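Data first, discussion second: the structure below is written as structure tokens.
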Amino acid sequence: MEQIYVEKTASRGIAVAPVYLYLEPDLTPDGEKIPDTEVQAELEKFAAAKNTVINELKQLAEKNEIFAAHLEIADDFMLQDSVENKVKGELKNIQLAVSETIDEFAVIFDSMDDAYMKERAADVKDIGKRFMAALKGVKLPDLGGITEPSVVVARDMYPSDTVKIDTAFVKGILTEEGGVTSHVSIIAKSMGIPTLVGVKGILSKVQDGETVCMDAGAGCVVVQPDAENVRIYQEKKEAYEAERARLESLRGTPAVTKDGKRIYLCANVGNVQDIKNALPMNIDGVGLFRSEFLYMQNTHFPTEEEQYTVYKEAAELIPSELTIRTLDIGGDKELSYYEFEKEENPFLGWRAIRISLDMKDMFKAQLRAILRASAFGHVRIMFPMIISLDELRDAKALVEECKQELRAEGVAFDEEIEMGMMIETPASVILAEEFAREADFFSIGTNDLTQYILAVDRGNKKIAKKYDYFNPAVVKAIGRVIEAGHKEGIKVGMCGEMAGDQKAVELLLDLGLDEFSMSAGSVDYVREQILNRK
Ligand code: PEP
Ligand code: MG
């Protein structure tokens, strides 16, 4: 018996089942150099492989929209260019050319500071595997073939693996590599499969068919368990499932505190799929749609039309409330197709609303798309990183300009669209009363607010203990903002991580918070805390 601990949980839950070792065929490229005369034949092999891969991805994209992004990568002209250069210019055989290109692309993503973009490296590798399998004429292992209860153990798992999973049989997932915001984690969470990623050494510690116990919430795996371990984990599993059933049974109950205040429970999302995953939690709306993901997953600034399609679909999915935050790029979030000047202090630099107000055409394309989508639901516009009334006024003036254009074009939109702002800078706290007279709502972004109030970098592990939203300075700031908002009669929400922290619920209710917006997985827990409040 050995216990392995993992720091972060990808998807909570408990499993006790035999291991299904999920290992890939050898996809290392054959051969190296080719004579000039074979260049054309090699490129034809690539065209055929690309066809196969694109057809596979199209089928997968019908089941899960993550593959729409994969399709784009597979069809990317830079990938095609790089492969062709290696074959024509360096006379490399097609397998080597593709394998090198994929490695190079994955390194680019992997070297990005932003955690989300970093983990897109897994998507690139996934596409690479498909190309290599098509070129080598081998079949990739198929998780759809699992027909007995199992815990899948793999080096890493890719979105295309996870969508084939039948939850009746796959009881848990353990991977050596991967991060908690990787797509495997996101998909596993939405499927409710207990999952731990980054479990160091797991592949060498288990055999196919051997029982393994895992408690993903506690970040614990027991390999070669004895009978007592198995009994304990079975009991834990039953208790966990009973708790889940109880929490799910509360989903129909509106979150009203015992003293009668109706609290709005919303989700934070980065795309339409996240909304679909959050809907079963019976959310009251989306309190934060991080529109920057739409920009980061693209190869160009998304056009008005491209954005409109996404926002419209989102508004139709959750017509009760869809809060779209305008582009919050910069800081640690970069765009592959736009070169940001190197800055000494990116978090204090050219980011969020500062960029939008400087790049007016780009900003107006986004605002027009949001306005057009507002004809299909209760859409709200939210501006990030505001520090002055001038910024808020300039942003609102641009919305007005877009409204006038749309009116003149005869395009429908919500004339009364609400325009609110994130409270995530000390300046916005200090000026909260003034802002409350001009903004339609506030949403407190504790992730940034904490770092700026405490002067503690949110991503610096060395000072992670100091990064604490329970610090009285942050708590006082929150209280002050809620008070200022209420004084002017506007709703105050929170979309920073603190809103999904069960330990913070009581305090935030005491401070008078109206709306909690969090990742979907936290909604059931926060609802229970609210309903149980004494
Ligand atoms: C925040 O700062 O709290 C927030 C929600 O925004 P982000 O985490 O995207 O910066
Ligand atoms: Mg922020």
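We count ligands from 1, going down the list as the structure has it; atoms in each ligand are counted the same way. Note that the coordinates shown come from a computational prediction; the quantities given were computed from them, not determined experimentally.
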Taking the side chain as every heavy atom from C-beta outward, state whether Phe301 and Met359 have any pair of such atoms under 4.5 Å apart. yes

By the definition salt bridge (charged side-chain N to carboxylate O under 4.0 Å, His left out), identify the one residue from Arg12, Arg246, Arg251 that meets it with Asp524. Arg251

Holding to side-chain hydrogen bond (donor to acceptor under 3.5 Å, both in side chains), I want the full list of residues that pass it with Tyr308, two or more places apart in sequence or in another chain. none

Heavy-atom count check: over 12 atoms from other residues, nucleotides or ligands less than 6.0 Å from Lys261 NZ? yes

If you measure only the distance, is there a donor-acceptor pair under 3.5 Å linking the side chains of His378 and Glu416? no

Check side-chain hydrogen bond (donor to acceptor under 3.5 Å, both in side chains) between Glu515 and all other residues, then give those that pass, not counting sequence neighbours. none

Minimum heavy-atom separation for Met385 and Ile353, please, with both atom names. O-CG2, 3.8 Å

Calculate, to the nearest 0.5 Å, the distance between atoms CZ and CZ belonging to Arg325 and Phe383 respectively. 13.0 Å

Applying side chain to side chain donor-acceptor pair (under 3.5 Å), run through Ser517 and Asn268 and close with a yes or a no. CA-CA 6 Å; Ser517 193; Asn268 290 350; 2.7 Å; yes

What protein N, O or S atoms come within a distance below 2.8 Å of the Mg ion (ligand 2), ordered by chain and number? Glu424 OE1, Asp448 OD2

Name the residues in contact with ligand 1, where contact means a heavy atom under 4.0 Å away: which are they? Leu288, Arg290, Arg325, Asp328, Lys333, Met422, Glu424, Gly445, Thr446, Asn447, Asp448, Arg458, Cys495, Gly496

